[in-house]
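Structure, as structure tokens:
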Amino acid sequence: MTDSQGTAFQRREVLGGLAASSAAVAGFDAVAAADGGARRKRYASIGVGSRNRMYQQAIWGPHKAHAQLVAAVDVNPGRLALVGRFAAEKGAAAPAAYLASDFDKMIREQKPDMIIVTTPDSFHDDYLVRALEAGCDVLTEKPMTTTAAKAQRILDAVKRTGRHIRVTHNYRYAPYRSQVKELLMAGEIGDVLSVDFHWLLNTSHGADYFRRWHSTKAISGGLMIHKASHHFDLVNWWLSDMPVEVQATGKRDFYTPEMARRFGLSRPHQRCHTCPEANACSFHMNLQADAGLKALYLDNEKYDGYFRDQCVWRPSVDIEDTMNVIVKYQGGATLSYSLNAFNAWEGYTIAFNGTKGRLEHVVIEQAGISGLNGSSMGDAIQTRIIPMRGDPRDITPATGSGGHGGGDTVMLAEIFDPTAVADSLLRRADERAGAASVLIGVAANRCFETGQPVKIADLVTGLASPEFPAMPSHDARVPMPRALTRS
């Protein structure tokens, strides 16, 4: 099979799921409530690849008293069967299993309260709209969708049904990022006029986007949407503001066939598993060495032909690895953002420049990825306030435990625990926040093609601002900085 055939096979795996006509592959076992007979909320997972494991583990673990996974839907019968085995390992009843073509049948038979969508990104809109129209609550992984037309379709469905969508922007929930929001809300640097934000992906995690379906822009929207929507959402939320105009440039310079040759390889190959130059390529990924990835993907590729370990150098990759973006905000602030996918370390630096000073926040994240050797260093976090004409002071970072800097634990509790307290930081993101973050990436992708700035209002209609916490006013009086010492 050639590289191009492998890509075609991969697309059929994803695209064919909506049109598949096979019957459901497993039955349903009703789950008795674990808390003395009280009704637990019924969830159905759509797409049961690696990202869905977080929700499975939450439902079968710390939140089993309030939640039950009653159904799983996927294009791959092998992965559906694996969910049943995972459930058994956790002492839970296996969810009813359905192929993607039976999504509507699943809703009729299982009557879920909420649909959890963790499919490849470009298919979110189909399940979101169908779930809304079926009367279900909906939760989706970010990005909410990948194009302006799909975002419009979702916004229209929300208006038509009167229901809302929850987008799991878990980065908001990391304690140290919430702390940044609290500092900004408290007026530590006054009102923010500009933001400098640089996100670095290393050659472990960053390279992984070029192996998977994410490397096809028609499916992922590219890193401007799949990855950067996290970052754009953070800035939108940190500023409590909405984007209005975008300028951007992007290119692919590193993950290319030419770079493979510059590294001494003869050429790109189809995948790591069968690569004849595996020993010469430090980007080689050994799926067999990771039990979880082997079970999810290598053992089940016979059903759909999807290769989880495609060559990062192959010519069919059509996403960028180097991107620069400028965003204008409704309130007047500007954002200068960059994303680079082949850096020497992983994490980000961000600085907020305000009328009273500057807030600097740096996070060096753990660099490892399953199946590869990576740094063993955990998060290194620094937050600093530098008053205008004053001495800087370091802020002791707030920390937490669990995935994404502790954000996953906090977010999952808010999702599944009905007794969760109200959140003064308004970290819960809905379809408006989901669209606002995605549309910056959509606009950036359009800029890559045209070289012209793009206005968000030209992409969709009817996008209102989500609820944001109050921030320092842009027209309130500010204290005069202390006088400069003259020599």
Side-chain angles (χ1 to χ4, degrees), residues 41-63 66-67 69 72-73 112-129 131-132 136-146 150-151 154-155 158 163-175 177-178 181 214 220-221 223 225-238 400-418 420 422-423 425-441 466-468:
K41 197 167 185 177
R42 299 168 64 83
Y43 293 85
S45 284
I46 317 303
V48 291
S50 57
R51 187 58 186 156
N52 195 254
R53 291 299 309 279
M54 177 180 76
Y55 301 100
Q56 296 170 24
Q57 291 166 354
I59 291 172
W60 295 330
H63 303 291
H66 305 295
L69 185 61
V73 177
D113 299 304
M114 176 171 279
I115 303 294
I116 300 174
V117 178
T118 53
T119 66
D121 304 337
S122 64
F123 306 108
H124 288 183
D125 68 302
D126 187 75
Y127 292 110
L128 297 180
V129 171
L132 288 172
C136 299
D137 291 329
V138 189
L139 177 151
T140 183
E141 266 295 313
K142 67 84 202 165
M144 185 177 76
T145 190
T146 56
K150 291 174 184 287
I154 293 168
L155 294 172
V158 167
R163 308 186 74 85
H164 291 281
I165 292 168
R166 176 164 192 158
V167 185
T168 52
H169 278 296
N170 51 356
Y171 274 22
R172 295 184 178 196
Y173 291 84
R177 296 190 187 107
S178 296
K181 177 64 174 175
H214 307 72
S220 69
L223 291 177
I225 292 178
H226 178 81
K227 184 64 178 175
S229 62
H230 253 333
H231 314 152
F232 298 141
D233 175 74
L234 274 176
V235 177
N236 296 348
W237 173 69
W238 271 327
S401 59
H404 291 96
D408 288 348
T409 301
V410 180
M411 182 188 71
L412 290 168
E414 188 182 78
I415 291 170
F416 293 112
D417 187 349
D423 179 13
L425 297 181
L426 302 181
R427 288 173 291 190
R428 177 173 179 160
D430 64 11
E431 69 286 341
R432 296 168 295 181
S437 62
V438 161
L439 290 171
I440 298 176
E467 293 182 48
F468 284 130

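The model shown is predicted, which means the values in this text are computed figures rather than measured ones.
Listed by chain and number, the residues in a ring-ring contact (aromatic ring centres under 6.0 Å, His included) with W237 amount to none (sequence neighbours excluded). Here S45 pairs with N52 under the side chain to side chain donor-acceptor pair (under 3.5 Å) rule; sequence neighbours left out. Considering only residues two or more places apart in sequence or on other chains, H169 meets the ring-ring contact (aromatic ring centres under 6.0 Å, His included) condition with H230. Qualifying salt bridge (charged side-chain N to carboxylate O under 4.0 Å, His left out) partners for R432, counting only residues two or more places apart in sequence or in other chains: D430. In this structure K181 satisfies the side chain to side chain donor-acceptor pair (under 3.5 Å) test together with S240, sequence neighbours excluded. Judged as a side chain to side chain donor-acceptor pair (under 3.5 Å), and not counting sequence neighbours, Y43 has no contacts. Partners of T140 according to the side chain to side chain donor-acceptor pair (under 3.5 Å) rule, which considers only residues two or more places apart in sequence or in another chain, are H124. Under the salt bridge (charged side-chain N to carboxylate O under 4.0 Å, His left out) criterion, D408 pairs with no residue, sequence neighbours left out. D125 meets the side chain to side chain contact (heavy atoms under 4.5 Å, CB included) test with T145, K150, R153, I154; sequence neighbours excluded. Residues that satisfy the salt bridge (charged side-chain N to carboxylate O under 4.0 Å, His left out) test with E467, not counting sequence neighbours, are absent from this structure. Not counting sequence neighbours, D121 has no partner by the salt bridge (charged side-chain N to carboxylate O under 4.0 Å, His left out) test.
For L439 against A151, the heavy-atom pair with the smallest separation is CD2-CB, 4.4 Å. Across P143 and V438, no two heavy atoms sit closer than the pair CB-CG2, 3.7 Å. Minimum interatomic distance between P175 and G407 (heavy atoms only, all atoms of both residues): CD-N, 4.3 Å. The shortest non-hydrogen separation linking V167 to G434 is CG2-CA, 4.0 Å. Residues P112 and C136 approach most closely at O-SG, 3.6 Å, considering heavy atoms.
Side-chain N/O atoms of T118 and E141 include no donor and acceptor closer than 3.5 Å.
Side chains of Y171 and M411 form no contact here, defined as non-hydrogen atoms less than 4.5 Å apart. At least one side-chain heavy atom of R427 sits less than 4.5 Å from a side-chain heavy atom of S178. Counting only heavy atoms from C-beta outward, the side chains of T168 and Y55 approach each other to under 4.5 Å. Considering only heavy atoms from C-beta on, D423 stays 4.5 Å or farther from R428 through its side chain. Side-chain contact check for L128 versus M144: some heavy-atom pair is nearer than 4.5 Å.
Separation of atoms CD1 (I115) and CG (D113) is listed at 9.5 Å; rounding is to 0.5 Å. The CZ atom of F123 sits 8.5 Å away from atom OG1 of T146, with the distance rounded to the nearest 0.5 Å. Put simply, OG1 on T119 and CZ on R51 are 13.5 Å apart, with the number rounded to the nearest 0.5 Å. Interatomic distance, CD1 of I116 versus CD of Q56, reported as 9.0 Å (0.5 Å rounding). For the atom pair CD (Q57) and CG (L412), the distance works out to 10.0 Å, reported to the nearest 0.5 Å.
With K142 contributing its side chain and H226 its backbone, the two residues share a donor-acceptor pair below 3.5 Å. The main-chain N or O of I165 is found under 3.5 Å from a side-chain atom of E431 such that the two form a donor-acceptor pair.
The residues D137 and R163 are annotated as salt-bridged, a charged nitrogen and a carboxylate oxygen being separated by less than 4.0 angstrom.
Sorted by first then second residue, the salt bridge (Lys or Arg N to Asp or Glu O under 4.0 Å) pairs that include residues 164-174, not counting sequence neighbours, are R166-E414, R172-D233.
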